[in-house]
There are 2 protein chains.
Amino acid sequence: MVPTPSGHDPVERLQHMVDTLKAHGLRMTPQRLAIVQALVSTQAHPSVEDIYTEVSRQFPTTSLATVYKTVSLLKELHEVLELGFPNMSNRYDGLKPYPHPHVICLRCKTIMDPELVSIAELAEEMAQKTGFAIVSHRLDFFGICPECQRREGVDNRP
Amino acid sequence: MVPTPSGHDPVERLQHMVDTLKAHGLRMTPQRLAIVQALVSTQAHPSVEDIYTEVSRQFPTTSLATVYKTVSLLKELHEVLELGFPNMSNRYDGLKPYPHPHVICLRCKTIMDPELVSIAELAEEMAQKTGFAIVSHRLDFFGICPECQRREGVDNRP
DNA sequence: GTCCGTGCAAATGGTTTGCACGACC
DNA sequence: GGTCGTGCAAACCATTTGCACGGAC
C-alpha cells in the first residue's frame with residue numbers, strides 16, 4: 001500500500017474538531033484535546049485502547065471511560081468515522097470522518113485506506129433499486145497484508 | 001426492493017449443508033437439522049436469537065448455546081455468511097454464504113440483498129493497489145427502508 | 001460402547017452507565 | 001457559581017466456554 005497521500009491535514013482536522021466542539025457549547029479540557037490530537041496524529045485507525053494508551057502518556061490519570069465518552073461524542077458530531085467489529089474493538093478514523101473503503105489485515109488487524117474508487121455511484125444505484133434512503137455505507141476488504149505475507153506466507157488462515 | 005429473485009434454492013442449500021456436515025464426520029442431530037432449516041427458510045438474515053426462537057418451536061428444550069455452536073460451525077465450513085455488528089447481534093445468511101452487498105435499515109434493522117453490482121473487479125483493483133491478498137469483503141449500505149420512510153418520514157435519524 | 005453434541009451456568013470482554021468530586025466557562 | 005466532564009466501579013449484553021449427562025453412529 002502506498003502511504004495514503006492525503007486524507008485531511010492533521011492540523012486542519014484538529015482545528016476543525018476543536019471548533020466543532022466549541023460551536024456546540026462543549027468544554028475543551030486537556031483530556032479532550034489530547035484525545036483529539038491522538039485521533040488526528042495517525043492513519044492507523046486506532047482503537048479506544050490505543051487512544052487511551054497515547055493519552056495516558058500525557059495524562060496518566062485519564063480513564064478509559066472518558067476516552068469512550070469523547071470518542072462517542074465526536075462520532076455523533078460526525079468528526080470521527082467508527083469502524084465497528086464484533087470480534088475486536090472498534091476502530092476510529094479522525095482524518096477522514098466520512099464513509100470510505102478499507103483494507104483490513106486478518107492477521108495483524110492493520111487497517112488502511114486504499115485509493116478511492118467511486119462508491120457514490122454504487123450507492124445511488126442501490127438507492128434506486130431498493131427504495132432505501134441511503135445514509136451511509138461501509139466497504140471492507142479483508143485479506144493478508146504484504147508484511148504478514150512475507151512473515152508467514154499466504155494460506156488464507158488469519 | 002424487488003423480492004430477491006434467486007439466492008440459492010432453499011432445498012438445494014439444505015441438502016448441501018447436511019452433506020457438508022456429514023462429509024466432515026459431524027453428527028446430524030434433530031437440533032442441527034432444525035437450525036439448518038431455519039437458516040435456509042428465510043431471506044431475512046436472522047440473528048442467533050431469531051434462529052433460536054424458530055428452533056424452539058419444534059424443540060422447546062434447545063439452548064441458545066447450541067444454536068451459537070452450530071451456527072459458528074457452519075460459518076467455519078463456509079456454509080453461512082456472518083454479518084457482524086458491534087451494536088446489535090450478528091446476522092446470518094445461509095442462502096448466499098459468500099460475500100455480497102447488503103442494504104440495512106437503520107431503524108428496523110431489515111437486511112436485504114440488492115441486485116449484485118460487480119464487486120469482484122473492485123476487489124481485484126484493491127489487491128493490486130495495496131498488495132493485500134484479498135480473502136473476503138463486505139459492502140454495506142445503511143439507510144432507511146421504504147416501509148420506515150412511509151411510517152415516519154426520512155429524517156436521517158435511525 | 002464411544003465419542004460427540006447438548007444444555008445449563010458461569011465467564012468473557014468491549015462498551016456503557018451512575019454517581020460524586022473537581023474543573024471549565 | 002453553576003454546570004459539565006472526569007474517574008471510578010458496577011452494569012450490560014452478545015457471545016463463548018466448561019462440564020457432565022444423554023444421544024448419534
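Chain letters run A, B, ... following the sequence lines, proteins first, then strands; residues in each count from 1.
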**Q** Taking 4.0 Å as the cut-off, does a side-chain nitrogen or oxygen of B:Asn90 come that near to OP1 or OP2 on D:dA14?
**A** no

**Q** Roughly, in whole Å, what's the span from CG in B:Leu33 to C1' in D:dC25?
**A** 16 Å

**Q** Rounded to the Å, how far apart are A:Tyr52 OH and C:dT15 C1'?
**A** 15 Å

**Q** Anything under 3.5 Å between a protein N or O and an N or O of nucleotides 5-8 of chain C, put it in a table, one pair a line.
**A**
unit_1, atom_1, unit_2, atom_2, d
C:dG5, OP1, B:Arg27, N, 3.4
C:dG5, OP1, B:Arg32, NH1, 2.8
C:dG5, OP1, B:Arg32, NH2, 3.3
C:dT6, OP1, B:Thr29, OG1, 2.7
C:dT6, O3', B:Gln31, NE2, 3.1
C:dG7, OP1, B:Gln31, NE2, 3.3
C:dG7, OP1, B:Thr61, O, 3.4
C:dG7, OP1, B:Thr61, OG1, 3.3
C:dG7, OP2, B:Ser63, N, 3.2
C:dG7, OP2, B:Thr66, OG1, 3.1
C:dG7, O6, B:Lys69, NZ, 2.6

**Q** Using a 3.5 Å distance criterion without hydrogens, assess whether the side chain of A:Thr62 forms a donor-acceptor pair with backbone atoms of A:Phe59.
**A** yes

**Q** Could you tell me whether A:Glu79 and A:Arg13 have a side-chain N and a carboxylate O separated by less than 4.0 Å?
**A** yes

**Q** For B:Ser47 and B:Asp50, does a side-chain donor sit closer than 3.5 Å to a side-chain acceptor?
**A** yes

**Q** Give one of base, sugar-phosphate or nothing for B:Met88, where a contact means two heavy atoms less than 4.0 Å apart.
**A** nothing

**Q** Between P on C:dC4 and CG on B:Leu21, what's the gap in Å once rounded to a whole number?
**A** 15 Å

**Q** Any side-chain donor-acceptor pair under 3.5 Å between B:His45 and B:Asp113?
**A** yes

**Q** In whole angstroms, how far is the P atom of D:dA14 from the OH atom of B:Tyr68?
**A** 7 Å

**Q** Bend angle of the helix from C:dG1-D:dC25 to C:dC25-D:dG1 from five-pair axes at both ends, rounded to 10°?
**A** 30°

**Q** Does a side chain donor of either A:Thr66 or A:Ser63 reach within less than 3.5 Å of an acceptor in the other side chain?
**A** yes

**Q** May I have the distance from B:Asn87 (atom CG) to C:dG14 (atom C1'), rounded to whole angstrom?
**A** 12 Å

**Q** Salt-bridge test for A:Lys129 and A:Glu125: reply yes if a basic N is under 4.0 Å from a carboxylate O, no otherwise.
**A** yes

**Q** Less than 3.5 Å apart, any donor N or O on the side chain of B:His137 or A:Asp140 sitting next to an acceptor on the other?
**A** no

**Q** Hey, does the side chain of B:Lys109 reach the backbone of B:Leu106 with a donor-acceptor pair shorter than 3.5 angstrom?
**A** yes

**Q** To the nearest angstrom, how far is A:Leu64 atom CG from C:dG14 atom C1'?
**A** 10 Å

**Q** On DNA chain D, compare the nucleotides closest to B:Lys22 and B:Val48; which residue's is nearer the 5' end?
**A** B:Val48

**Q** For A:Lys75 and C:dG14, what is the distance between atoms NZ and C1' respectively, to the nearest whole Å?
**A** 13 Å

**Q** Under 3.5 Å, side chain of A:Arg138 to main-chain N/O of A:Gly84, donor-acceptor pair present?
**A** yes

